[in-house]
Student: 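Right, I'll just put the structure down here and ask away after.
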Protein chains: 2
Amino acid sequence: MDKILDIDNIDLKIISLLNEDAKTPYTEIAKKVFVSSGTVHVRMKKLEDMGIVKSATLNIDFSKLGYDISAFLGIYLEKSSLYDNVIEKLKTISEVVSAYYTTGNYSIFAKIICRDTNHLRLVLDNIQKVEGIDRTETLIVLEESINRPIQFFDKEK
Amino acid sequence: MDKILDIDNIDLKIISLLNEDAKTPYTEIAKKVFVSSGTVHVRMKKLEDMGIVKSATLNIDFSKLGYDISAFLGIYLEKSSLYDNVIEKLKTISEVVSAYYTTGNYSIFAKIICRDTNHLRLVLDNIQKVEGIDRTETLIVLEESINRPIQFFDKEK
DNA sequence: ACTCTATTTGGATTAAATCTAAATAAATAA
DNA sequence: TTATTTATTTAGATTTAATCCAAATAGAGT
């Protein structure tokens, strides 16, 4: 019953190609994968129905839109049982773009994107105020050196 | 000369809508933003030329493809001057999907995606072997509670 | 080898992207 | 204010792609 068994190399190649440019016409994908464009449609529909391909999004340069500072936050909770409550609060803070439950010292590990240092300070203040949060550690991103999708065709098959 | 000045609310609305679903036809975007589809084209071309919209990518559920474990790595270097060299080495390890230069204790902060715990162990071994890396701390992601794009229309304008 | 089922294909139809010239709007100068 | 220039938007016209579907092919099980 493992869904991975339903996925072959044609699927992976289609995903890889569309992951580089999701707007590539299926006709062009079809040529590169050596199937008909109808097959690309069928496969993509399958992948979408299976929930493997969830959506297509834009890759945006946020700094060019004035969002110049991003930061990772290690969040310590007063009690770890407060996790769900705190996540709900974080969801209401639009600058929080991701949040994870991780092993290690932090109870929650989150990422925020802000316009400038002032904005960052405001957002950090807001997060500190959230009930259940003990303290936070901030890792400000000074440079993004790698940011890329998984490559499927390096070592496996 | 600030590029932000060239971006108006029409641009931001187009970006917001396409960021939710990059495959939405421009004709549909046009209706929602109350301009012609030609204008959507012109604006998107401008945004692409400016490098604000870099590409479109798929949002993939990697766990359904058998990539079940992701982890953040705090990397300590022997000397911080080795940063660029180590980044180049990390680029050759396909499981490394992102790497940042951040404030705080770590010299490099990275994210990796692996199939299972065995695969994770292999990748961690490979990373430890990289010349210049002193030691690493691993935060294994047990749950992804938030993962979303920036929202432009919450508090501003 | 035969039957049943699933997948792929190519062509027909519908829809969207792209291009262009004209219209409109905005900005500047007289 | 009006005239002139410049930039932006628009509405077709054309090209291209997405979508749908019936027929062909391939694969699995008996």
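Here is the naming used below: chain letters follow the sequence lines, and residue numbers restart at 1 for every chain.
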Student: Heavy-atom count check: over 12 atoms from other residues, nucleotides or ligands less than 6.0 Å from B:Phe62 CZ?
Tutor: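 Enclosed.
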
Student: Let me have the donor-acceptor pairs involving side chains of residues 33-48 of chain B, under 3.5 Å, with sequence neighbours excluded, atom names and distances please.
Tutor:
| unit_1 | atom_1 | unit_2 | atom_2 | d |
| --- | --- | --- | --- | --- |
| B:Ser36 | OG | B:Gly38 | N | 3.4 |
| B:Ser36 | OG | B:Thr39 | N | 3.3 |
| B:Ser36 | OG | B:Thr39 | OG1 | 3.2 |
| B:Arg43 | NH1 | B:Asp8 | OD1 | 2.8 |
| B:Arg43 | NH1 | B:Asp8 | OD2 | 3.1 |
| B:Arg43 | NH1 | B:Asp11 | OD1 | 3.1 |
| B:Arg43 | NH1 | B:Asp11 | OD2 | 3.2 |
| B:Arg43 | NH2 | B:Asp8 | OD2 | 3.2 |
| B:Lys45 | NZ | B:Asp49 | OD2 | 2.9 |
| B:Lys46 | NZ | B:Asp6 | O | 3.0 |
| B:Lys46 | NZ | B:Asp11 | OD1 | 3.4 |
| B:Lys46 | NZ | B:Asp11 | OD2 | 2.8 |

Student: For chain A and DNA chain C, what are the first and last nucleotides along the strand, 5' to 3', with at least one atom under 4.0 angstrom from a heavy atom of the protein chain?
Tutor: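 The protein-touched segment is C:dT8 to C:dT9.
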
Student: I'd like to check the salt bridge (Lys or Arg N to Asp or Glu O under 4.0 Å) partners of A:Glu28; sequence neighbours left out, ordered by chain and number.
Tutor: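 So A:Glu28 forms a salt bridge (Lys or Arg N to Asp or Glu O under 4.0 Å) with A:Lys32.
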
Student: With sequence neighbours left out, write down each residue that passes side-chain hydrogen bond (donor to acceptor under 3.5 Å, both in side chains) with B:Glu143, or none if nothing qualifies.
Tutor: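 With sequence neighbours excluded, B:Glu143 shows a side-chain hydrogen bond (donor to acceptor under 3.5 Å, both in side chains) to B:Ser145, given in chain and number order.
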
Student: State whether the number of non-hydrogen atoms from other residues, nucleotides or ligands found under 6.0 Å of A:Tyr101 atom OH is greater than 12.
Tutor: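 At most 12 heavy atoms, drawn from other residues, nucleotides or ligands, come within 6.0 Å of this atom.
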
Student: If the test is side-chain contact (heavy atoms from CB on, under 4.5 Å), which one of B:Ile108, B:Ile133, B:Ile127 qualifies with B:Leu73?
Tutor: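 Of the listed residues B:Ile108, B:Ile133, B:Ile127, the side-chain contact (heavy atoms from CB on, under 4.5 Å) partner of B:Leu73 is B:Ile127.
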
Student: Among pairs that include at least one residue of residues 123-149 of chain A, which meet ring-ring contact (aromatic ring centres under 6.0 Å, His included), considering only residues two or more places apart or in two chains?
Tutor: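 Pairs touching residues 123-149 of chain A that pass the test: none.
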
Student: Who else is in A:Tyr100's hydrophobic cluster (ILVMFWY, side-chain heavy atoms under 4.5 Å, direct or via others)?
Tutor: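 Its cluster mates, by chain and number, are A:Phe72, A:Tyr76, A:Tyr106, A:Phe109, A:Leu139, A:Val141, B:Phe72, B:Tyr76, B:Tyr100, B:Tyr106, B:Phe109, B:Leu139, B:Val141.
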
Student: Can you name the residues that form a salt bridge (Lys or Arg N to Asp or Glu O under 4.0 Å) with B:Lys31, not counting sequence neighbours?
Tutor: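 B:Lys31 satisfies salt bridge (Lys or Arg N to Asp or Glu O under 4.0 Å) with no other residue.
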
Student: Does A:Arg148, at its CZ atom, have more than 12 non-hydrogen atoms belonging to other residues, nucleotides or ligands within less than 6.0 Å?
Tutor: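 Yes, because the 6.0 Å sphere around CZ of A:Arg148 holds more than 12 heavy atoms from other groups.
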
Student: Considering the terminal five base pairs at each end of the helix from C:dA1-D:dT30 to C:dA30-D:dT1, what angle separates the two local helix axes, rounded to 10°?
Tutor: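 For the helix from C:dA1-D:dT30 to C:dA30-D:dT1, the axes at either end differ by 40°.
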
Student: Which is the 5'-most and which the 3'-most nucleotide of DNA chain D that has an atom under 4.0 Å from a heavy atom of chain A?
Tutor: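 Contact boundaries, 5' end first: D:dA17 to D:dT19.
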
Student: Among all residues two or more places apart in sequence or in another chain, which pass the salt bridge (Lys or Arg N to Asp or Glu O under 4.0 Å) test with B:Glu88?
Tutor: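 Checked B:Glu88 against salt bridge (Lys or Arg N to Asp or Glu O under 4.0 Å); matches are B:Lys91.
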
Student: side-chain hydrogen bond (donor to acceptor under 3.5 Å, both in side chains) with B:Gln128: which residues, sequence neighbours excluded?
Tutor: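 Here the qualifying residues are B:Thr136.
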
Student: In residues 13-38 of chain B, what residues come within less than 4.0 Å of DNA chain D, judged by heavy atoms?
Tutor: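 Residues of residues 13-38 of chain B that come under 4.0 Å of DNA chain D are, in numerical order, B:Val35, B:Ser36, B:Gly38.
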
